[in-house]
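Within every chain, numbering begins at 1; the chains are lettered A, B, ... in the order of the sequence lines, protein sequences first and strands thereafter.
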Amino acid sequence: MCGTCGCGEDSHIIYRKPGAPEKGHLHYHVHPHEHDGSEHEHGHHHHHDHDHVHSHEDDHVHSEHAHSHHPAHHDHSHETSTIRLERNIMAKNDMMAERNRGYFEALNITVLNLVSSPGSGKTSVLERTLKELAGSLDAFVIEGDQQTMLDAERIKAAGAPVIQINTGNGCHLDALMVNKAVKQLEPKKGSYLFIENVGNLVCPSLFDLGESKRVVIISVTEGADKPSKYPTMFETAQLCLINKSDLLPYVDFSIEEVKEHALRINPKLSFIVVSARSGEGFELWYDWLKGLRNA
Amino acid sequence: MHELSIALSIVDLVTTEALANGASSVSRVEIGLGNHSGVIREALEFAMEEAVKSTLLEHAVIEYVSIEAQSCCQECGLNFTPEGLYLPCPDCGNPMPELIHGKELIVKSIDIETTK
């Protein structure tokens with residue numbers, strides 16, 4: 001089942017590099033009609049609105065067996081047994097994240113998971129970073145958005161190889177999406193990989209992607225109490241960039257107040273005040289990035 | 001919103017275990033939800049209704065067990081039930097007592113039906 005809207009599709013997630021042709025949905029699901037009661041994913045309501053390559057490998061005669069599982073309710077005797085599992089529901093994502101992490105470690109790739117509310121300036125911070133560090137480090141970018149190639153185009157223009165993940169209706173990136181995207185992006189040994197997560201301060205916090213560090217970005221046009229309102233993201237991050245510092249004279253935002261809120265949740269969190277517009281504070285951000293190599 | 005992907009993970013996990021044990025269907029799933037797991041029970045219930053369709057879990061009763069938060073102070077060793085998240089130890093004031101329970105997001109047990 002599709003993980004974003006719950007329809008019968010395998011996936012609504014699109015991976016694309018700027019300039020690559022729109023392939024639409026790749027339906028790489030094969031319908032396993034073995035009728036063992038498993039993997040029944042019928043009822044296909046294909047609601048997409050662009051071209052796509054269908055490769056269904058069977059005839060669609062779903063109606064005939066739409067309810068043919070739970071067989072033999074009447075003729076055979078049933079036995080009920082309880083199995084104790086105590087299994088972590090996030091285990092699958094966490095395991096994939098660890099696989100990603102191992103791959104990155106082996107290739108000495110430093111991976112940053114950038115998270116924030118929509119509009120905090122993740123892409124602008126990245127653009128300036130990529131342009132200014134173009135000569136001194138190899139950078140690759142995974143862009144996560146529900147729709148459009150807009151961010152990927154901006155990153156490409158800033159000079160870094162990029163792949164866009166469009167999650168459809170999905171509110172976060174997960175480790176499997178990153179795993180698939182990395183295979184297409186092929187980041188170089190010893191490079192930095194920036195993953196710009198979907199703009200959302202809630203859901204991405206639960207999904208480890210295999211990153212080296214998580215960077216949460218907040219801008220001075222937001223409320224300074226945001227860390228207390230959305231604690232999980234600030235709890236799981238190692239660095240907080242406070243962006244749009246050039247606007248500080250015009251807004252009622254206290255740097256001290258936001259630090260106080262965030263430190264109450266995560267006493268180990270570091271802060272750098274930056275402006276993606278003016279470039280203020282970026283030297284400190286670059287020092288922090290380069291420092292990850294020596295850690 | 002992330003509850004749907006969590007619901008699908010539950011269906012996936014339970015289906016794998018059920019099939020491995022030769023089940024023809026699953027009649028009960030017991031889910032443990034920590035008070036601070038980051039998952040809203042109502043949203044998960046709603047997502048589960050959709051996620052179980054056309055799976056072995058379709059007719060299963062889904063039980064939700066909430067798991068109370070429990071903290072332990074690394075400084076003074078006090079075990080206590082925190083009144084909220086991110087509060088200091090009520091005894092010694094250590095700002096970062098460790099949350100030892102309350103983040104759980106687990107499938108505790110399942111009842112499976114096997115046909116003889």
Nearest 0.5 Å, what's the CE-CG distance between B:M96 and A:N266?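 That separation rounds to 6.0 Å.
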Under 4.5 Å heavy-atom distance to chain A, tell me which part of B:E30 shows up: side chain, backbone, both or neither.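 Answer is side chain: those atoms of B:E30 sit under 4.5 Å from chain A.
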Atom pair CD1 (A:I83) and CZ (B:R28), whose distance is rounded to the nearest 0.5 Å: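 So the CD1 of A:I83 and the CZ of B:R28 are separated by 10.5 Å.
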Are A:I89 and B:I31 close enough, and set up right, to give a side-chain contact (heavy atoms from CB on, under 4.5 Å), and what steps lead you there? CA-CA 9 Å; A:I89 292 160; B:I31 294 166; 4.1 Å; yes
Roughly how far apart are B:L4 CG and A:C203 SG, rounded to 0.5 Å?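 Reported value, rounded in 0.5 Å steps: 11.0 Å.
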Minimum-distance pair of heavy atoms, taken over all atoms of B:H2 and A:C171: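 Between these two residues, the closest heavy atoms are N-SG, 3.6 Å.
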Side-chain contact, heavy-atom cut-off 4.5 Å: B:S9 with A:K92?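 No, side chains not in contact.
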I need the residue from B:V39, B:I106, B:L87 with the largest number of non-hydrogen atom pairs under 4.5 Å to chain A.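 Among B:V39, B:I106, B:L87, the one with the most close pairs to chain A is B:I106.
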Which atoms of B:I112 come close to chain A, meaning under 4.5 Å heavy atom to heavy atom: side chain ones, backbone ones, both, or neither?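 Both the backbone and the side chain of B:I112 come within 4.5 Å of chain A.
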A:L206 versus chain B, heavy atoms under 4.5 Å apart: side chain, backbone, both or neither?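 The answer is the side chain of A:L206.
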Less than 4.5 Å apart, side chain to side chain, heavy atoms only: is that true for B:S5 and A:H172?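 Yes, side chains in contact.
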Run B:I110 and A:R84 through side-chain contact (heavy atoms from CB on, under 4.5 Å) and show every step you take. CA-CA 7 Å; B:I110 59 176; A:R84 296 218 60 84; over 6 Å; no
Does a side chain donor of either A:T80 or B:D111 reach within less than 3.5 Å of an acceptor in the other side chain?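 Per modelled atom types, A:T80 and B:D111 side chains form no pair under 3.5 Å.
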Heavy-atom distances under 4.5 Å only: say whether B:S27 touches chain A with side chain, backbone, both or neither.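 Contact with chain A: side chain only.
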For the pair B:T114 (side chain) and A:E79 (backbone), establish whether a donor and an acceptor sit closer than 3.5 Å, ignoring hydrogens and angles.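 Checking the backbone N and O of A:E79 against the side chain of B:T114, a donor-acceptor pair under 3.5 Å is found.
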I need the A:M90 CE to B:S37 OG distance, nearest 0.5 Å.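 Rounded to the nearest 0.5 Å, the CE-OG separation comes to 10.0 Å.
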Apply side-chain contact (heavy atoms from CB on, under 4.5 Å) to B:E17 and A:L85, showing your working. CA-CA 9 Å; B:E17 289 297 328; A:L85 290 176; 3.6 Å; yes
Does the side chain of A:T232 come within less than 4.5 Å of B:H36's, by heavy atoms?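 The answer is no, as the side chains (C-beta and beyond) never meet within the 4.5 Å cut-off.
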